[in-house]
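What follows is a single structure, written as structure tokens, with notes after it.
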Amino acid sequence: MQGQKNIAAGFLFLAAFMIYGFVLIYLRDFAPGKEQWIADYAVGKHFESRLAHVHGNLFAFLNVVVGYLLLRLPITPGAAKGISWLTLAGMLMPLGILGEVALGTPPLLVLVGGISIVVAMAWFGWAALRMDLRKQA
């Protein structure tokens, strides 16, 4: 059934990015050189680190919600499979941001993930408009 992998991956991804949030708290409040971290809060790698944290948690939550809805709504199997995979691929965006910050990688994963999640949400919206709720009763 489509959706189960989104729920599992979403919760695992959420846990990972919550831990990453604690790393950011450590860097801001307890790490040596925290004053410089605070001074650079809104620029460069610090800003991108926060973007990764926020988008990682958002996309994890979206995967949980999409997975649950795919299990419950009468979406056609082909659409459900495509929406599921594109929503999972959306999690490449925050991973790509982290890759840029930590490894200096090019933003390819950011673009692939961003496009994937937008297409998945638009496709799901279209599929929801077209579903026949009478089949659920």
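For Arg50, the side chain to side chain donor-acceptor pair (under 3.5 Å) criterion is met by Tyr41, not counting sequence neighbours. Listed by chain and residue number, nothing satisfies the ring pair (Phe, Tyr, Trp, His ring centres under 6.0 Å) test with His53 (two or more places apart in sequence, or in another chain). For Phe59, the ring pair (Phe, Tyr, Trp, His ring centres under 6.0 Å) partners two or more places apart in sequence, or in a different chain, are His55.
The heavy-atom pair separating Ser49 from Trp37 by the smallest distance is OG-CH2, 4.3 Å. Of all heavy-atom pairs between Met121 and Leu62, the closest is SD-CD2, 4.4 Å. Pairing each heavy atom of Ala52 with each of Phe17, the nearest pair is O-CE2, 3.3 Å.
Note that the CG atom of Leu51 and the CG atom of Leu58 stand 11.5 Å from one another [nearest 0.5 Å]. The distance from atom CD1 of Ile75 to atom CZ of Phe124, rounded to the nearest 0.5 Å, is 5.0 Å. Taking CZ of Arg72 as the reference point, atom CG of Leu70 lies at 11.5 Å (rounded to 0.5 Å).
Follow the hydrophobic side-chain contacts under 4.5 Å out from Leu103 and you never reach Leu98; the two are in separate clusters. Leu95 and Val54 end up in different hydrophobic clusters when Ile, Leu, Val, Met, Phe, Trp and Tyr side chains are linked at under 4.5 Å. If you chain together hydrophobic residues whose side chains sit under 4.5 Å apart, Ile38 and Val101 never meet in one group. Residues Phe30 and Val23 fall within the same hydrophobic cluster, defined by Ile, Leu, Val, Met, Phe, Trp and Tyr side chains chained together at heavy-atom separations under 4.5 Å.
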Which pairs would a plain distance check flag for residues 7-16, meaning a side-chain donor or acceptor within less than 3.5 Å of a matching protein atom at least two apart in sequence or in another chain?
none

Let me check something: any side-chain donor-acceptor pairs from residues 77-91 under 3.5 Å, sequence neighbours excluded? List them with distances.
residue	atom	partner	partner atom	Å
Ser84	OG	Asn6	OD1	2.5
Thr87	OG1	Ile83	O	2.7

Identify all side-chain donor-acceptor contacts of residues 105-115 below 3.5 Å with residues at least two apart in sequence or on another chain.
residue	atom	partner	partner atom	Å
Thr105	OG1	Gly99	O	3.2
Thr105	OG1	Glu100	N	3.3

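The only option from His46, Glu35, Lys45 that meets the side chain to side chain contact (heavy atoms under 4.5 Å, CB included) definition with Asp40 turns out to be His46.
Annotation: side chain of Tyr68 is not in contact with side chain of Leu73 (no heavy-atom distance under 4.5 Å). Side-chain contact check for Lys34 versus Asp29: every heavy-atom pair is 4.5 Å or farther apart.
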Fill in: Stepwise side chain to side chain contact (heavy atoms under 4.5 Å, CB included) check, Arg130 with Trp126
CA-CA 6 Å; Arg130 299 188 65 215; Trp126 181 252; 3.0 Å; yes

